[in-house]
Structure formats: C-alpha cells, structure tokens
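Below: the structure, in structure tokens.
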Amino acid sequence: MKIAIYPGSFDPVTKGHIDILKTASELFDKVIIAVAHNSAKHGFLPVEKRVELIKESVKSMPNVEVDAFEGLTINYAKKVGAEILIRGLRAVSDFEYEMQLSQANSALASEIKTIFLTTKPKYNFISSSTIKEIYLNNGDISKFVPEPVYEYLKKERKYGI
Ligand code: ADP
C-alpha cells in the first residue's frame, strides 16, 4: 500500500491545497494531510481548528486522512509508514526553497521520496498568506477557500479574529 503525506501549515487550507490533495488521492492508496505544528510561529488559526476545517473540506475523499505533527517531517513520515512526501509548486519562486527542503529530507531519509504536484491554473496563485491579507482587509475570499473555511471565517469576523 502506497502511503503519501502532504505536510504544510494550511493556515488556512485553500482551494489550491484541496486541488493538490485531490490529485494525490488519485495517485496513492492513502494520503495523510498533516498540519505542521510550529511552536515558534504564531499562526492565524490554532492547529486544532486547521485540522477540523480540513476534515470538513475533504469529506468527499475517502482515502484522505487529516492529522497534525510536531518535529521533523521525515520522522512523522516514518511513523505513519509513508514513502512519499508531497509538496506543491506554484511558481519558480517556490522552486529554490522546495528543492532545498527535498534535498535535506532526502539526505536525512533517502527512502522517503518527495514528489511535486501543481494545481489547475485557476488555483495556482492562491496562497494562505494572500487569503489572510484579503480576509483581514474585509475582502471576499469565497473563491479561494473551501466552503467550511469560508463559513467559519465569516462567522468569526463578527467576533473580530
Ligand atoms: P508551508 O508553510 O509548509 O509552505 P503551506 O500550507 O503554505 O505550507 O503549503 C503547503 C504546500 O502546498 C507547499 O508545498 C506549497 O508550495 C503548496 N501550495 C500551497 N498553495 C498552493 C497552490 N495554490 N498551488 C500549488 N501548491 C500550493
């Protein structure tokens, strides 16, 4: 059974992430989307909320699981028996960082292979940080995030996240 992990911040999860996940779910037997817990970085949404919103957004994908982890991604991959690590590429600007990361991971654990996926062009420019910026400036994010994220943030706006 081929298990892949898709690690990231997902703060919040976007339609770009979901599109990558959909492709991955067609390629592998099981895909675990794993929210990286970074105690040094103060996030927009708490990790538990990110996990909850992803769970609601991937209900139609039966072979996708949602989890959170702390520490090195390769250690998490080993723990869950994943051989594949999925990352997304948007633009050339992502390439250098992603290449470095995949090479570092490969040097640490050569049995875990990084695979890069891209989204449909209409989702290509979407990033969590752009969405946060639009949201915090009262813009409409409905086109960029899955329904559960949109509904949650709409509700939260009243209380002023
Ligand atoms: P990280 O903080 O680890 O970069 P993100 O949640 O921002 O986490 O992204 C997780 C992964 O998804 C990264 O590999 C990122 O390049 C990729 N990604 C994010 N948005 C898109 C998109 N619109 N198209 C393709 N890949 C994307």
Side-chain angles (χ1 to χ4, degrees), residues 3-28 30-58 61 64-77 79-80 82-109 112-136 139-150 152-153 161:
I3 304 175
I5 59 164
Y6 178 30
S9 310
F10 308 108
D11 191 23
V13 69
T14 70
K15 285 192 177 173
H17 295 131
I18 299 294
D19 196 44
I20 296 264
L21 206 52
K22 191 165 175 300
T23 305
S25 74
E26 288 162 6
L27 293 170
F28 304 106
K30 179 160 107 180
V31 181
I32 305 170
I33 172 165
V35 180
H37 195 286
N38 182 349
S39 46
K41 215 161 104 180
H42 182 69
F44 172 59
L45 298 177
V47 170
E48 302 70 36
K49 181 50 78 179
R50 292 181 226 168
V51 167
E52 190 186 312
L53 292 173
I54 299 171
K55 278 189 181 157
E56 288 175 34
S57 308
V58 301
M61 297 183 236
V64 171
E65 287 179 12
V66 190
D67 197 5
F69 73 101
E70 254 178 293
L72 288 179
T73 307
I74 46 144
N75 289 343
Y76 175 74
K79 193 183 102 186
V80 296
E83 307 165 58
I84 314 285
L85 199 164
I86 293 159
R87 295 287 292 174
L89 284 179
R90 279 161 292 202
V92 179
S93 50
D94 281 340
F95 185 80
E96 202 168 326
Y97 170 71
E98 293 293 343
M99 195 67 191
Q100 242 177 30
L101 199 64
S102 74
Q103 285 170 352
N105 283 331
S106 171
L108 292 169
I112 296 164
K113 314 288 179 201
T114 299
I115 287 186
F116 296 107
L117 294 175
T118 54
T119 60
K120 290 192 186 75
K122 65 176 174 177
Y123 299 132
N124 192 258
F125 70 95
I126 301 175
S127 70
S128 298
S129 51
T130 308
I131 283 162
K132 275 177 262 185
E133 201 61 36
I134 298 172
Y135 173 77
L136 293 171
D140 178 12
I141 57 167
S142 59
K143 283 200 201 90
F144 314 129
V145 294
E147 187 75 21
V149 175
Y150 177 68
Y152 172 73
L153 289 177
I161 285 194

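Note that this is a predicted model, so its numbers are computed, not measured. Remember, it's 1-based here, ligands and their atoms both numbered in the order they're listed.
The protein non-hydrogen atom at the shortest distance from atom 6 (O) of ligand 1 is Phe10 N, 2.8 Å. Of the protein's non-hydrogen atoms, His17 NE2, 4.2 Å is the one closest to atom 7 (O) of ligand 1. Of the protein's non-hydrogen atoms, Tyr6 OH, 2.7 Å is the one closest to atom 12 (O) of ligand 1. Of all protein heavy atoms, the one closest to atom 2 (O) of ligand 1 is Ser9 OG, 2.6 Å. When only non-hydrogen protein atoms are considered, atom 16 (O) of ligand 1 lies nearest to Gly88 O, 2.7 Å.
Within the 4.0 Å heavy-atom shell around ligand 1 one finds Ile20. Contact analysis puts Leu89 in contact with ligand 1, with a non-hydrogen atom separation below 4.0 angstrom. Ligand 1 lies out of reach of Phe125, whose nearest heavy atom is not under 4.0 Å from it. Judged by the shortest distance from any of its heavy atoms, Glu98 lies inside the 4.0 Å radius around the atoms of ligand 1.
Within ligand 1, the atoms closer than 4.0 Å to a non-hydrogen atom of Asn124 are 23 (N), numbered from 1 in the order shown. Listed by atom number, the atoms of ligand 1 under 4.0 Å from Ile126 heavy atoms are 20 (N), 21 (C), 22 (C), 23 (N). Residue Thr119 approaches ligand 1 through these ligand atoms, each under 4.0 Å from one of its heavy atoms: 22 (C), 24 (N), 25 (C).
For ligand 1, the polar-atom distance check against Ser128 finds no nitrogen or oxygen pair separated by under 3.5 Å. Residue contacts with ligand 1: Tyr97 is placed with no nitrogen or oxygen under 3.5 Å of a nitrogen or oxygen of the ligand (distance criterion only).
Checking side-chain atoms of Asp11 against main-chain N and O of Leu45 turns up a donor-acceptor pair under 3.5 Å. Distance alone, capped at 3.5 Å, places no donor-acceptor pair between the Lys132 side chain and the Pro12 backbone. Although no hydrogens or angles enter the test, the distance criterion places a donor-acceptor pair under 3.5 Å between the side chain of Ser57 and the main chain of Leu53. Without hydrogens or angle criteria, Asp19 side chain to Lys15 main chain gives no donor-acceptor distance under 3.5 Å.
Separation of the Phe10 and His17 ring centroids falls under the 6.0 Å cut-off.
Considering Lys120, Arg90, Lys122, Arg87 only, the shortest heavy-atom separation from atom 20 (N) of ligand 1 involves Arg90.
Gly43 and Arg50 make their closest contact through CA-NH2, 3.8 Å (heavy atoms, listed as atom of the first residue, atom of the second, distance).
Phe125 and Phe144 have perpendicular rings, their planes meeting at more than 60° on a 0 to 90° scale where under 30° would count as parallel.
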When you look at Val66 and Val58, which way does the side chain to side chain contact (heavy atoms under 4.5 Å, CB included) test go after all the steps?
CA-CA 9 Å; Val66 190; Val58 301; 3.9 Å; yes
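Salt-bridge check for Lys113 with Glu83: failed, with every basic side-chain N at 4.0 Å or more from each acidic carboxylate O. A salt bridge links Glu52 with Lys49; the closest basic N to acidic carboxylate O contact falls under 4.0 Å.
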